[in-house]
Novice: 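What follows is a single structure, and I will ask about it in a moment.
Convention: sequence-line order gives letters A, B, ...; per-chain numbering from 1.
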Number of protein chains: 2
Amino acid sequence: MTRATPAEDACTNALPTAALGGPVSHAVSRVARLHRIAAGKALKGVDLYPGQELLMMHLWDRGAVRQTELIRALELDPSTVTKMLQRLEQTGHVRRRPDPADRRAVLVEATDQSCALHTAVEAAWGSLEEHTLAGLDPAERTELVRLLAKVEENLCRETEDCPDRRGAASA
Amino acid sequence: MTRATPAEDACTNALPTAALGGPVSHAVSRVARLHRIAAGKALKGVDLYPGQELLMMHLWDRGAVRQTELIRALELDPSTVTKMLQRLEQTGHVRRRPDPADRRAVLVEATDQSCALHTAVEAAWGSLEEHTLAGLDPAERTELVRLLAKVEENLCRETEDCPDRRGAASA
DNA sequence: AACTTTACCTTGGTCGGCCAATGAATGGGT
DNA sequence: ACCCATTCATTGGCCGACCAAGGTAAAGTT
């Protein structure tokens, strides 16, 4: 009922209600989407799909880890990580082997082949960052980071499964 | 070669290189993901999946439109929209019919049934926005919107397929 | 009028990502 | 020792989103 007669929105509002009702939410979606596409382009040269680079970076960083490590670090669903790894394994970027210390766990590590990409990926990531922030002065960048962190906090709280700051000190 | 010997990263840096090399990029991914999950939860009650709500909002707003309209408004890939519509049609939220004026086009409109959700969806969207921005004062919110817009601009430029303000005078 | 380009949408395939449910191994209670 | 709860990982199903390619109809050219 609230619905305007189809033929009559001569006014043709440029702004969708979505943008009015939730400017930030809307902006976040759009930025994320564009950012992902940009990442995809930047990564096209290195045979990685957007999302995979973070996983690889973690492996390059920490060597052999078990899947749980990745799941917690990337904050992804277990099944997502499993599938990503299967694909990365098939493309030869990653190797998996059973953990001798725990027969239900799996150890994951980057292959030597993949290490060749390390530099390229970090360069791509860096240039992406630069591109993203073009035209923002240092103060603005800091502020953006701060605000995003706050928002993340909020959403994290809502989700209620946010990272209980990893014990870390570790064993 | 930068790779530390696997067994030796005793230091175990808490921050992944990704976060150091691209704090904002990293934050954007995370925030987007959390935001999407939150949206999913908020929408769970209304039988819509995250992403669909924006499409529906557009339909509620503008009545019957052709698919191209949606594609441009949501800035999505045509195939994405086609598939979303197929699903929305099957769940009875949307109806499609050929455009009498242009035999290759299709007109899409929200079903009456779906209109019942209109209010609920907007409420959900609004509360999501509020949740996202909890603890940010008005000035911060404004600033966040401004910064995100700038970033969007940047990424849009990169992508190079951003909405060339439809005027289309174009060529 | 005939031909070529352009626009509109669909299909098929691939990825990341989620949830729910399942199998295997570990660990804790009693 | 036994059983039950946890943890680790996988599978299957589904959705959003992309790209590439294809088919049909409308414009624009000649």
Novice: Decide yes or no for B:Thr80 and B:Met84: does some side-chain heavy atom of the first lie under 4.5 Å from some side-chain heavy atom of the second?
Specialist: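 Counting from C-beta outward, B:Thr80 and B:Met84 do come under 4.5 Å.
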Novice: Going by atom type alone, with no hydrogens or angles, which donor-acceptor pairs under 3.5 Å involve a side-chain atom of residues 45-57 of chain A and a protein atom two or more places apart or on another chain?
Specialist:
from    : atom 1 : to      : atom 2 : distance (Å)
A:Asp47 : OD2    : A:His93 : NE2    : 3.2
A:Gln52 : OE1    : A:Tyr49 : N      : 2.9
A:Glu53 : OE1    : A:Gly51 : N      : 2.6

Novice: Rounded to whole Å, how long is the line connecting atom CG of B:Leu85 with atom P of C:dT11?
Specialist: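 In whole Å, C:dT11 P lies 12 Å from B:Leu85 CG.
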Novice: Only pairs under 3.5 Å count here: list side-chain donor-acceptor contacts from residues 138-148 of chain B, not counting sequence neighbours, and write none if there are none.
Specialist:
from     : atom 1 : to       : atom 2 : distance (Å)
B:Glu140 : OE1    : B:Asp137 : N      : 2.9
B:Glu140 : OE2    : A:Arg146 : NH1    : 3.3
B:Glu140 : OE2    : A:Arg146 : NH2    : 2.7
B:Arg141 : NE     : B:Leu136 : O      : 2.8
B:Arg141 : NH1    : B:Glu130 : OE1    : 3.1
B:Arg141 : NH2    : B:Glu130 : OE2    : 3.3
B:Arg141 : NH2    : B:Leu133 : O      : 3.2
B:Arg141 : NH2    : B:Leu136 : O      : 3.4
B:Thr142 : OG1    : B:Pro138 : O      : 2.9
B:Glu143 : OE1    : B:Arg146 : NE     : 3.2
B:Glu143 : OE2    : B:Arg146 : NH2    : 2.9
B:Arg146 : NH1    : A:Glu140 : OE2    : 3.3
B:Arg146 : NH2    : A:Glu140 : OE2    : 2.8

Novice: Expressed as a whole number of angstroms, how long is the span from B:Arg103:CZ to D:dG23:C1'?
Specialist: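 Atom CZ in B:Arg103 sits about 14 Å away from atom C1' in D:dG23.
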Novice: Is the shortest distance from a Lys or Arg side-chain nitrogen in A:Glu69 or A:Arg72 to a carboxylate oxygen in the other one below 4.0 Å?
Specialist: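 Counted as a salt bridge, because a side-chain N and a carboxylate O are separated by less than 4.0 Å.
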Novice: Walk along nucleotides 13-22 of chain C from 5' to 3' and tag each nucleotide B, S or - by protein heavy-atom contact under 4.0 Å, base first, then sugar-phosphate.
Specialist: B-SBBBB---
Novice: Round to the nearest Å and state the distance from B:Arg72 atom CZ to C:dC9 atom P.
Specialist: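 For the pair B:Arg72 CZ and C:dC9 P, the rounded distance is 12 Å.
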Novice: Just to confirm, is there a sub-4.0 Å distance from OP1 or OP2 of C:dT11 to any side-chain nitrogen or oxygen of B:Gln86?
Specialist: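 Yes, because at least one side-chain N or O of B:Gln86 sits under 4.0 Å from OP1 or OP2 of C:dT11.
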Novice: Which value, rounded to the nearest 0.5 Å, describes the distance between A:Leu59 atom CG and A:Glu109 atom CD?
Specialist: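 CD of A:Glu109 is found 8.5 Å from CG of A:Leu59.
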Novice: So for the helix from C:dA1-D:dT30 to C:dT30-D:dA1, with five pairs setting each end axis, what is the inter-axis angle to 10°?
Specialist: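 The angle, to the nearest 10 degrees, is 10°.
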Novice: In Å and rounded to the nearest 0.5 Å, what is the CZ to OG1 distance from B:Arg87 to B:Thr82?
Specialist: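 Between atom CZ of B:Arg87 and atom OG1 of B:Thr82 there are 11.0 Å.
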Novice: Is the phosphate of D:dA9 approached by A:Thr82 (side-chain N or O, under 4.0 Å from OP1 or OP2)?
Specialist: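 So the side chain of A:Thr82 is outside the cut-off, no N or O lying under 4.0 Å from OP1 or OP2 of D:dA9.
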Novice: Judged by atom type as modelled, is there a donor-acceptor pair below 3.5 Å linking the side chain of A:Arg33 to the main-chain atoms of B:Glu75?
Specialist: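 Between the backbone of B:Glu75 and the side chain of A:Arg33 there is a qualifying donor-acceptor contact (under 3.5 Å).
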Novice: Considering only heavy atoms from C-beta outward, does the side chain of A:Glu129 approach that of B:His26 to under 4.5 Å?
Specialist: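 No; the side chains remain at least 4.5 Å from each other.
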Novice: Hydrophobic cluster membership, with links at side-chain heavy-atom distances under 4.5 Å among I/L/V/M/F/W/Y: are A:Val65 and A:Leu107 in one?
Specialist: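 Hydrophobic grouping puts A:Val65 apart from A:Leu107.
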Novice: Check the orientation of A:Trp125 and A:His35. Use parallel for under 30°, tilted for 30 to 60°, and perpendicular for over 60°.
Specialist: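 Geometry flag for A:His35 against A:Trp125: perpendicular rings.
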Novice: If I take atom CG in residue B:Leu43 and atom P in nucleotide D:dG16, what distance separates them, rounded to the nearest angstrom?
Specialist: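 Value for this atom pair: 11 Å.
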Novice: I need the A:Glu152 CD to B:Leu34 CG distance, nearest 0.5 Å.
Specialist: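 So the CD of A:Glu152 and the CG of B:Leu34 are separated by 6.0 Å.
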Novice: Scan nucleotides 1-8 of chain D against the protein and return all N/O pairs shorter than 3.5 Å with their distances rounded to 0.1 Å.
Specialist:
from  : atom 1 : to       : atom 2 : distance (Å)
D:dT7 : O2     : A:Arg104 : NH1    : 2.5

Novice: For the residue pair B:Leu43 and B:Ala124, what are the closest heavy atoms and their distance?
Specialist: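 Shortest heavy-atom contact: CD1-CB, 4.1 Å.
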Novice: I would like to know whether B:Leu76 and B:Leu70 meet side-chain contact (heavy atoms from CB on, under 4.5 Å); could you show each step before the answer?
Specialist: CA-CA 8 Å; B:Leu76 291 176; B:Leu70 291 172; over 6 Å; no
Novice: Near DNA chain C, which residues from residues 93-100 of chain A have a heavy atom under 4.0 Å away?
Specialist: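 DNA chain C contact set from residues 93-100 of chain A: none.
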